[in-house]
Engineer: 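Pasting a structure below so you can have a look.
So that the names make sense, note that chain A is the first sequence line, chain B the second, and so on, each numbered from 1.
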Number of protein chains: 4
Amino acid sequence: MDMDRIVSRLRAFTSERDWDQFHSPKNLAIALSVEASELLEHFQWLTEKQSSELPPEKRDQVRDEMADVLLYLVRLADKLDLDLVDAAAKKIAKNALKYPAGRVRGSMKKYSDY
Amino acid sequence: MDMDRIVSRLRAFTSERDWDQFHSPKNLAIALSVEASELLEHFQWLTEKQSSELPPEKRDQVRDEMADVLLYLVRLADKLDLDLVDAAAKKIAKNALKYPAGRVRGSMKKYSDY
Amino acid sequence: MDMDRIVSRLRAFTSERDWDQFHSPKNLAIALSVEASELLEHFQWLTEKQSSELPPEKRDQVRDEMADVLLYLVRLADKLDLDLVDAAAKKIAKNALKYPAGRVRGSMKKYSDY
Amino acid sequence: MDMDRIVSRLRAFTSERDWDQFHSPKNLAIALSVEASELLEHFQWLTEKQSSELPPEKRDQVRDEMADVLLYLVRLADKLDLDLVDAAAKKIAKNALKYPAGRVRGSMKKYSDY
C-alpha cells in the first residue's frame, strides 16, 4: 500500500461515519497534537537507552500511536489539498541549506542557535 | 518521490551532520511532539471556519510544519525499524472495527465514549 | 492551602515513593506537556461554545487534568529553584509591554504578528 | 503576590485588550498545550543531566515559558470557575491513594502499569 491508498481509505472511513463535519483543519491539528503526546507518553519515564530497547508489546503500542499521528497528518493534508510527501522532500532540501553539514556537525546546540 | 526515498534522504542528512547520536527514540518522540504543537499554534486563535480558509502564506507555513512532523515520524520509524505506511493501513482496519459506522455515525461523543 | 503547601506536599509525595530519581527537569517537562495534552483531549471535538458549557462530570475530569498540569509545573519549579507565582506576575508585566492595549485591542492576529 | 492577585491581574489584562472573545476554554486549552511544548523545546536535545544544569540565560527563558503555562492555566480555571490550588491539593491526595508508597517505591514502570 502507498500513501495515496491511505488518503482514499481515510476519506471512505470518514465519510461512512459522517465525521467530516468534525474535521476542520483546526480540530485535526488538535487531534494530531494529542496523538503525538500519546506517543511521547510511552517514552516519558524511560532513559534514552531504554527507549532504544523497547520490549515487543510496547513497540506494538508505539507503532499504533505513530500510525494515528500519520493518519491525522494525512487527513489534514487532504483537507488542505497538500501533497505531504512532496512537502517533506522539499523541507529536507530547505533544512540542508539552513543547517550546513560543515557548520553544525555533531552539535544540536548550534542547531538551536541558528 | 515516495516514502522510501524520504527515509534514505533523512538517513543521509542525519549522517552528514553526525546527528544520529541525538536521535534516541525518546528524543525523536519529543521533537515530533514539539513540531506538532508548532503546527497547532498556527490554528490556535482561528475559528474552525477560518482554519478552512487559510491565506496562501499561512498555508505555506502550515505545510512546512506538517513536513517537519512527517520527517520526525519517518525518522522515528526508521530507528524502530517499523514500516509506517503499513502500520497506518493496519490501524485504519483496526479503527474500522472499533468504531462501527452504523453505531458512531455523525457523533464524536460516541467516539470518546467507546 | 497555598502554593507553598503544594510544593512541600509534592516533595513528601515524591520522596516517599523514591521517585526523585525520575524527576530530571527534562522528564518533568515531558510529563507536563503530556498532561497538557490530556487536558486538551477533553476539548478536541467540542465547539468553542460547547467548551464553555461542560457537563459536571466532564468539568470534574478537566479539573483533575488541570491539577496534574499544575503539580508538574510546581515540581519543575521546585527542581529549578524558581518562584512560579513571582515569575507569572513578572510575565504579565512583560506581556503588557509587548502587547500594548491600544494597539492590539480586539485582535489576536496582531498578537501573532508581533 | 499570591494566586488570587494573578487571577485578577489577568482579568484586567484580557479586558483591556478585549481578548475575552478569544478565550473559550477550548482555545485556552490549546494555548496552554502550545506553551507547554515551547517549554519542552528548551529541553529536547539535552541529556537529563544537562537539563539539571541550565546556564542562567536558558534558565530565564525556561522560567518565562513556565510563567506562560501558569498564566493560561489560571485563565482557564477562571473561565471554568475552578479553584486551581484546591484542585491540586485534592489531586495529591487522590494520587497518594492511587500509587501507594509501599507498592510503587522506586519504579515508574509500576506507575504506568497501574
Side-chain angles (χ1 to χ4, degrees), chain C residues 1-3 5-6 9-10 13 16-19 21-22 24-27 29-30 32-33 36-37 39-40 42-43 46-49 51-52 54 59 62-64 66-71 73-74 76-77 79-80 82 84-92 94-96 99 101 104-106 108, chain D residues 1-3 5-6 9-10 13 16-19 21-22 24-27 29-30 32-33 36-37 39-40 42-43 46-49 51-52 54 59 62-64 66-71 73-74 76-77 79-80 82 84-92 94-96 99 101 104-106 108:
Chain C
M1 179 154 341
D2 61 13
M3 287 284 274
R5 290 290 302 281
I6 301 286
R9 285 209 182 180
L10 266 186
F13 180 92
E16 285 157 19
R17 284 156 189 78
D18 195 18
W19 280 356
Q21 58 183 311
F22 301 106
S24 63
K26 179 176 178 170
N27 280 0
I30 296 173
L32 195 162
S33 161
S37 274
L39 171 61
L40 179 55
H42 286 283
F43 295 106
L46 303 185
T47 63
E48 290 188 55
K49 188 165 184 303
S51 80
S52 297
L54 299 179
R59 187 171 164 280
V62 163
R63 192 189 53 204
D64 270 9
M66 292 176 69
D68 280 330
V69 172
L70 183 58
L71 293 177
L73 196 62
V74 164
L76 180 56
K79 297 298 286 187
L80 295 175
L82 294 172
L84 202 52
V85 178
D86 180 63
K90 283 178 180 143
K91 195 57 170 45
I92 296 178
K94 208 168 166 175
N95 288 347
Y99 309 109
V104 301
R105 190 183 310 277
M108 291 312 263
Chain D
M1 182 156 336
D2 61 13
M3 286 285 273
R5 289 289 301 279
I6 301 286
R9 285 208 181 183
L10 266 186
F13 180 92
E16 285 157 19
R17 283 156 189 79
D18 195 19
W19 280 357
Q21 58 183 310
F22 302 106
S24 64
K26 178 175 178 171
N27 280 0
I30 296 173
L32 195 161
S33 162
S37 273
L39 171 62
L40 178 55
H42 286 282
F43 295 106
L46 303 184
T47 63
E48 291 189 53
K49 188 166 183 307
S51 80
S52 297
L54 300 179
R59 187 172 165 281
V62 163
R63 192 189 52 204
D64 270 9
M66 293 176 70
D68 281 330
V69 173
L70 183 58
L71 293 178
L73 196 61
V74 165
L76 179 57
K79 297 298 286 186
L80 296 175
L82 295 172
L84 202 52
V85 178
D86 180 64
K90 283 178 180 144
K91 195 58 170 47
I92 296 178
K94 208 166 166 177
N95 288 346
Y99 310 109
V104 301
R105 190 183 310 279
M108 291 312 263

Engineer: Between D:E48, D:E16, D:K79, who has the most heavy-atom pairs with chain C when the cutoff is under 4.5 Å?
Structural biologist: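 So the answer, after comparing D:E48, D:E16, D:K79, is D:E48.
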
Engineer: Does a side-chain heavy-atom distance below 4.5 Å link D:N95 with C:L71?
Structural biologist: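 A side-chain contact exists here, since the closest heavy-atom pair is under 4.5 Å.
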
Engineer: For C:L76, is it the side chain, the backbone, both or neither that has a heavy atom under 4.5 Å from a heavy atom of chain D?
Structural biologist: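 Contact with chain D is through both the backbone and side chain of C:L76.
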
Engineer: Is a side-chain donor or acceptor of C:R9 paired with a backbone partner of D:A89 at a separation under 3.5 angstrom?
Structural biologist: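 A pair under 3.5 Å: no.
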
Engineer: Using non-hydrogen atoms only, which part of D:V74 is less than 4.5 Å away from chain C: side chain, backbone, both, or neither?
Structural biologist: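 No part of it gets close to chain C.
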
Engineer: Spell out, as yes or no, whether a donor-acceptor pair under 3.5 Å connects the side chain of D:R63 to the backbone of C:A87.
Structural biologist: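 No.
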
Engineer: Pick whichever of D:L39, D:N27, D:L10 has the most heavy-atom pairs under 4.5 Å with chain C.
Structural biologist: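 Most pairs with chain C among the choices: D:N27.
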
Engineer: With respect to chain C, which residue among D:L70, D:D86, D:V62 yields the maximal number of heavy-atom pairs within a distance under 4.5 Å?
Structural biologist: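 Of the options given, most contacts go to D:L70.
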
Engineer: Rounded to the nearest 0.5 Å, how far does CZ of C:R59 lie from CG of D:L82?
Structural biologist: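 Going from CG on D:L82 over to CZ on C:R59, the span is 4.5 Å.
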
Engineer: Could you look at D:K94 and say if it's the side chain, the backbone, both or neither that has a heavy atom under 4.5 Å from chain C?
Structural biologist: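 For D:K94, side-chain heavy atoms alone lie under 4.5 Å from chain C.
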
Engineer: Taking side chain as C-beta onward, heavy atoms only, is C:L40 less than 4.5 Å from D:L32?
Structural biologist: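 Of all side-chain heavy-atom pairs linking D:L32 with C:L40, none is under 4.5 Å.
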
Engineer: Who wins among D:S24, D:A36, D:S33, D:A67 for the most heavy-atom pairs under 4.5 Å with chain C?
Structural biologist: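 Ranked by contacts with chain C, first place is D:S24.
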
Engineer: Would you find a donor on one side and an acceptor on the other, under 3.5 Å apart, between the side chain of D:D2 and the backbone of D:R5?
Structural biologist: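 Yes, the answer is positive, given that a donor and an acceptor are paired below the 3.5 Å cut-off.
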
Engineer: Please state whether the side chain, the backbone, both or neither of C:D64 comes within less than 4.5 Å of a heavy atom of chain D.
Structural biologist: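 Contact with chain D involves both backbone and side-chain atoms of C:D64.
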
